[in-house]
Amino acid sequence: MKIKSQIHLLLFLIQATFVSANNLNEDPGEVYLFAYSTNDGRSGLNLAWSVDKENWHEIGPNHTFLFSDFGSWGSQKRMYNPYLFQDNEGVWHCIWSLNDEVNVFAHAKSKNLYEWKRQSYPQVKDVGNFQEPEVCFDASGENYVISWLSSSGEDSNLEAYQITTTDFKNYSEIKKIASSDRMNERVDIVLNGKAERGLVYKVTWDLVDQLIKHEEWVQFHNIERNENLNDDPERFMDLKPLDANITLQPEKGKKISDLLIGVFFEDINYAADGGLYAELIQNRDFEYQVSDTKFRDTTWTSTKAWSVNPEAIELSIETTSPIHKNNPHYAVLDIKKSGTGLVNEGYDGIPVKQGEKYDVSLFAKNLGDSKQNLLIKIKDVSGKVISETSIKNIGKNWKKHQSVIKVKTTVANAVLEVIPSTTGKLALDMVSLFPQNTFKNRKNGLRADLAQTIADLNPKFVRFPGGCVAHGDGIDNIYKWKNTIGDLEERVPQPNIWRYHQTAGLGYFEYFQFCEDINAEPVPVLAAGVPCQNSSTGGHGQQCGIPMEEMDDYVQDVLDLIEWANGDKNTKWGKVRAKAGHPEPFNLEYVGIGNEDLITDVFEERFTMIFNAVKEKHPEITVIGTVGPFYMGTDYEEGWDLAERLQIPMVDEHYYQTPGWFINNQDFYDSYDRSKSKVYLGEYATHVPNRRMNIQTALCEALYLTSIERNADVVAMTSFAPLLAKKGHTQWTPDLIYFTNTDVNLTVDYYVQQLYGNNSGETYIPSHVKLSNNDKKVKQRVASSVVKDSASGDLIIKLVNVLPVDVNSTINLKDLAVDNQDAILSVLKGEPNDENQKPSVSKVKVSETFDYQMPAYSFSVIRIKS
Ligand code: AHR
């Protein structure tokens, strides 16, 4: 991986004919380098250089040489007062302050000032914040002395402190020092008319020259990334329809992954509660808290989605004697006047269908003296009763009551009302309205149409429960699988990182059951003992990590999951699975550990513990590691280094990129080392500025996937992300499938996934497209991929044309035993901005050599029956 970026850099340097020496006639030998940060720390490390300390040249300008990864997006990720220091080996260290509040600083090192190793955020105990750091050697020349100013002093004057370290990992006790003992080297330099505060160093011109070249390479790379495909009609204005000759090399066929196309399910955009999970009552457990939303939505309380007629009923929320400690809040109705009840509005209303049956259930406790019965009504918006049922004899103790309602009229936005028969006090909790018609009729199951839409992708695996949801917003929010199994009232609801509520009704049992129902491998992802690096809660610092004294328990949780999924029904956790209704093992083979984490020492320590424990106890399980959120950079490099050191069988890569990136990086995996870890491309999507999906994004993905199939000996799995989004409740766009309570809207990108999912194969046959035009930009936009499906013996040809003209191709299938036979042709095509196209399917005749016209802007799949 590293090799690949270095090759790119080298090629660029060879090609680069411009600037670099910045009008210098001769090598000045030594120059001055100015290190600073600007824009209230958001710029990260900026650099400028000068020959004479008078005339300064910004590199970039404003190029970020090192980005501070501490804290949540938006308010954090800032670098103040960067201080560079070169050690005896010539390695550069950068330390910087993060903000005025935390007693934490940041450190990273680099051999060249542009490729940085992992960051660490040591905590400076006992004294307040950490400002204006400086580093130098002590008298022995062996210890680094770090000093800083802190405004924690009693009179809030700045006080100076220092610590020493030899390795930037272990630190001495803090010592108070006099301010005058510091070097106080920072100066103000005017750049572009603005004074910037920073430090000046004397360095070789060679170093600065490399920095300038690196920045130029980044610009060049960005030109490719930002190649605007909307310019294509003009760019290719004079292009006439092309001819193509497509030849195959069956003798060079290779085995490829049989799990290539899967799905990634995350509870984002109301994908779970209010989405795939079929429950129709919102806030059934009365566990919503304003804190779920970070106090942004003051209506997000235990009574959210519930209402009463205040003249008849006083509604309060109590916690004194709940059904279960994991579900502490419940509703208490003080009924002054009978006849009305507690109303739930569902998620954007409750959709019900004529003729279908719904299970009603609730926990109730009669706190009054009179006999209490309940009438349950489903009403439309005008108040008209659609259907009703009753529950009799509410006792003095919590008890689950159940009934069934058969609905008489289809209504998109009904409400449910629970009406007590008499006055007095009544406690209610876990009020549920659940369609019996769930996917595969599972109890506590999934919304049938949405689950079927996912099944129709024919995914070979399902990754769950996230994404960022898996590692959570701070340690306390890490997703714990054990909290999501068992009786619903005993599961532990919690806010998710997308700042709404997870009932955990859709929990691990339901995920595994769904995988089995659609014949997909379950791929659970567990946090690597660290929360999301963009967490905004959880005390000081990023990657604070589960305390080491709690890690053994956490590791045991991971091992227990494997026993729960695969163990015999007589094992401790196998018994729990069997009790839930699944005595047979689920045959778990893959476990993801970590999700695009910041690769730090804290991460590595915890990941390694988990990885080693799973490897030792369950060598049959393939652990999927993580290499950060981008296709390059520190986490990617460090993640891959760790994968190599630990011999992690597979790593999870993520990248959301521009159409230009996907067009220009079809060779991304060609140079991957086949002897190293396999790749799971766990999250990717083409992002255009308006964040919509259209034929252009769909075709970029189709094109890129031809290169993935070519490399499916090293790329074992892929999943587009995110999968689901409820209209009006999105935290992230674009998504593959949009839905409302009653509709499912498929994007054009969905059809690309579906065509790949339904037309995968396990043997890849190299193919070559010889175009009648040699222009690089033209050639990049036409691709083919040919696979053979061993189960059916079918030969499958995928052809992508992202050009505004047709490509008249002649396909030569010599040596593949194809002779005048039927094939199924599926074609997805349209104008680049079209969002509503669907593939057309037809029957065609093919022979050993046949002609096929790839329409302009199209993805064609020709499936030749064996
Ligand atoms: O897919 C949406 C989010 O993108 C995921 O939660 C996270 O892993 C990534 O940043």
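Counting starts at 1 for both ligands and their atoms, following the listed order. If you're wondering where the values come from, they're calculated on a predicted model, not measured in any experiment.
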Name the closest protein heavy atom to atom 5 (C) of ligand 1, giving the residue it belongs to and the distance to 0.1 Å.
Glu266 OE1, 3.3 Å
Considering residues at least two apart in sequence or located in another chain, which fulfil the salt bridge (charged side-chain N to carboxylate O under 4.0 Å, His left out) criterion with Asp517?
Arg442
What are the atoms of ligand 1, with element, lying closer than 4.0 Å to any heavy atom of Phe264?
1 (O)
Mind checking whether Asn595 contacts ligand 1 via backbone (N, CA, C, O), side chain (CB onward), both or neither, at a 4.0 Å heavy-atom cut-off?
side chain
Run the ring-centre check on Phe586 versus Tyr511 and record whether the distance is less than 6.0 Å.
no
Check the orientation of Phe668 and Tyr636. Use parallel for under 30°, tilted for 30 to 60°, and perpendicular for over 60°.
tilted
In this structure, atom 8 (O) of ligand 1 is nearest to the protein heavy atom Glu683 OE2, 2.6 Å
Does Pro629 come within less than 4.0 angstrom of ligand 1, counting non-hydrogen atoms of the residue?
no
Closer than 4.0 Å to some heavy atom of Gly467 - which atoms of ligand 1 meet that?
5 (C), 6 (O), 8 (O)
Ring geometry between Tyr655 and Tyr631 (parallel below 30°, tilted from 30 to 60°, perpendicular above 60°)
perpendicular
Centroid separation Phe720 to Tyr756 less than 6.0 Å:
no
Arg42: salt bridge (charged side-chain N to carboxylate O under 4.0 Å, His left out) partners, not counting sequence neighbours
none
Paired with Phe464, the ring pair (Phe, Tyr, Trp, His ring centres under 6.0 Å) test is passed by just one of Tyr479, Phe264, Phe512, Trp481, namely Phe512
May I ask you to check if ligand 1 and Cys468 share an N or O to N or O distance below 3.5 Å?
yes
Atoms of ligand 1, numbered as shown, that sit under 4.0 Å from any heavy atom of Trp498
6 (O)
Give the atoms of ligand 1, by number and element, whose distance to some non-hydrogen atom of Glu596 is under 4.0 Å.
7 (C), 8 (O), 9 (C), 10 (O)
re atom 1 (O) of ligand 1, the protein heavy-atom contact at minimum distance is Tyr656 OH, 2.7 Å
